[in-house]
Amino acid sequence: MAPLATPPPRTGLLVIQPLKRRQCAECHAGPLQMLVLEDGSPRCLDCADLGHLVFLSRGDTALTRRSREESALSAVVVRFNRRRSRYERQGVLVEEAGLARAEERCLADAEARRRRRVRDARRRAREDVRFVEAFAGEIRRLFPGCPADRARDIAAHASARGSGRVGRSAAGRALSEAAVTSAVVASVRHMDTPYDQLLMSGVPRHEARRRIAAAVETTLRGWRAEVSGLG
């Protein structure tokens, strides 16, 4: 029988998942899925007084940490990686009751995180509503002739979360005149001129903008003027 590679010493109990078929040196049970080395000889978990523990595979760091905290007895499980010539952690053995308590703690945390996400989403939604109103108000200040509904539509489009549009930029969040005007110009360009059709017909962007520049400026000039009865 080839000698069993010995993992490096470490604090705490260590259990090995053998690469080859091994039998317990004490009770001769085998082949062993897991074993403990005692004086260089393999022992099954029962003979090593670890048979009552349950295996928790690696992957969930919080659950692993809490399972060990909740268990009076635990062990780290390793397996030798021939390609890397080192032992690698596969999981832990913990008490079943300790694992159950750890799972309850993690579930409680998951529920707390879910409730926090809901609260955060509601808070962001309220913030977005307030910001859209502020952005629309700034549009109406700079362009008093812009209909109120149109101003709100422009503001909502420009400030949509994750859009990367001007309303999400630092200047946009600060309601700078340049950012607000840029949002209005973009809306007029796409909605009040044949700009999109020009692009679809193959006209280069800069040329398409040149062609519709006068129409955009006409609309903006009209919106800049005080118009009674609008909004």
Side-chain angles (χ1 to χ4, degrees), residues 1-128 159-165 167-170 173:
M1 177 182 295
L4 187 66
T6 303
R10 63 173 71 192
T11 59
L13 298 175
L14 195 65
V15 172
I16 301 169
Q17 291 180 342
L19 300 180
K20 296 182 178 181
R21 295 168 65 89
R22 301 291 177 181
Q23 288 184 322
C24 176
E26 187 169 330
C27 71
H28 306 294
L32 302 177
Q33 298 298 312
M34 297 184 192
L35 59 86
V36 176
L37 280 179
E38 291 184 349
D39 298 325
S41 299
R43 297 288 192 279
C44 68
L45 296 185
D46 286 334
C47 290
D49 295 328
L50 301 178
H52 64 293
L53 302 182
V54 295
F55 177 64
L56 174 62
S57 62
R58 65 181 181 180
D60 190 326
T61 303
L63 182 58
T64 297
R65 174 175 52 81
R66 287 175 171 172
S67 295
R68 300 193 73 185
E69 291 173 353
E70 295 287 350
S71 297
L73 182 66
S74 66
V76 174
V77 179
V78 298
R79 184 170 62 217
F80 190 70
N81 185 320
R82 288 196 178 106
R83 183 172 61 83
R84 296 181 177 178
S85 298
R86 69 184 187 191
Y87 278 89
E88 296 180 342
R89 185 168 177 153
Q90 303 302 308
V92 293
L93 290 173
V94 294
E95 295 172 340
E96 189 168 6
L99 175 57
R101 289 191 295 269
E103 288 172 336
E104 290 177 359
R105 289 172 60 186
C106 288
L107 286 174
D109 279 357
E111 176 60 20
R113 287 193 297 271
R114 185 194 67 79
R115 290 196 299 267
R116 184 167 61 246
R117 286 195 298 269
V118 170
R119 290 196 302 271
D120 289 346
R122 290 173 178 168
R123 174 182 52 78
R124 288 192 296 268
R126 291 192 297 268
E127 291 174 352
D128 288 348
S159 60
R161 281 186 185 271
S163 66
R165 300 184 187 119
R168 303 308 302 182
S169 66
R173 302 303 291 179

Q: What heavy-atom pair brings Val78 and Tyr87 nearest, and what distance separates the two atoms?
A: CG2-CD2, 3.6 Å
Q: Closest approach of Ala160 and Arg165, non-hydrogen atoms and distance?
A: CB-NH1, 3.7 Å
Q: Is the shortest heavy-atom distance from the side chain of Glu103 to the side chain of Asp60 under 4.5 Å?
A: no
Q: Find the distance between OG (Ser71) and CG (Leu93) and round it off to the nearest 0.5 Å.
A: 10.0 Å
Q: Determine the minimum heavy-atom distance between Glu70 and Gly98, stating which atoms define it.
A: CB-O, 3.4 Å
Q: Apply the test side chain to side chain contact (heavy atoms under 4.5 Å, CB included) to residues Leu45 and Leu35: give CA-CA distance (whole Å), side-chain angles for both, the deciding distance (0.1 Å), then the verdict.
A: CA-CA 6 Å; Leu45 296 185; Leu35 59 86; over 6 Å; no
Q: Would you call Asp120 and Arg117 a salt bridge, using N to O less than 4.0 angstrom?
A: no
Q: May I have the step-by-step check of side chain to side chain contact (heavy atoms under 4.5 Å, CB included) for Arg123 and Arg126, ending in yes or no?
A: CA-CA 5 Å; Arg123 174 182 52 78; Arg126 291 192 297 268; 3.8 Å; yes
Q: Would you compute the distance between atom CD1 of Ile16 and atom CD of Gln90 and round it to the nearest 0.5 angstrom?
A: 12.0 Å
Q: How long is the gap from CZ on Arg173 to OG on Ser159, to the nearest 0.5 Å?
A: 7.0 Å
Q: Taking all heavy atoms of Leu32 and all of Gln23, pick out the closest pair and write down the distance.
A: CD1-C, 3.8 Å
Q: What verdict does the side chain to side chain contact (heavy atoms under 4.5 Å, CB included) test give for Leu73 and Leu13, after you've listed the backbone C-alpha separation in whole Å, the side-chain angles of each residue and the deciding distance to 0.1 Å?
A: CA-CA 9 Å; Leu73 182 66; Leu13 298 175; 3.5 Å; yes
Q: Return yes if some donor-acceptor pair links the side-chain N/O of Glu38 with the main-chain N/O of Ala48 below 3.5 Å, else return no.
A: no
Q: Please report the C-alpha distance between Ser74 and Val92 in whole Å, then the side-chain angles of each, then the deciding distance to 0.1 Å, and finally whether the side chain to side chain contact (heavy atoms under 4.5 Å, CB included) criterion is met.
A: CA-CA 7 Å; Ser74 66; Val92 293; 5.7 Å; no
Q: Which atom pair, heavy atoms only, marks the closest approach of Ser57 to Thr64?
A: O-OG1, 4.5 Å
Q: Is there side-chain contact between Cys44 and Cys27, with at least one heavy-atom pair below 4.5 Å?
A: yes
Q: Between Arg58 (side chain) and Arg89 (backbone), is there a donor-acceptor pair under 3.5 Å?
A: yes
Q: Would one find more than 12 heavy atoms of other residues, nucleotides or ligands at under 6.0 Å from atom CD of Gln33?
A: no
Q: Nearest 0.5 Å please: distance from the CG atom of Leu63 over to the CG atom of Leu56.
A: 5.0 Å
Q: Please determine if Arg83 and Glu88 form a salt bridge, counting it only when a charged side-chain N lies under 4.0 Å from a carboxylate O.
A: no
Q: Quick one: OG on Ser67 to CG on Leu53, what's the gap to the nearest 0.5 Å?
A: 11.5 Å
Q: Could you grab the distance from atom CZ of Arg119 to atom CZ of Arg124, nearest 0.5 Å is fine?
A: 12.0 Å
Q: Is the number of heavy atoms from other residues, nucleotides or ligands under 6.0 Å of Glu96 CD greater than 12?
A: no
Q: What are the two closest heavy atoms between Ala62 and Cys106, and how far apart are they?
A: C-SG, 4.2 Å
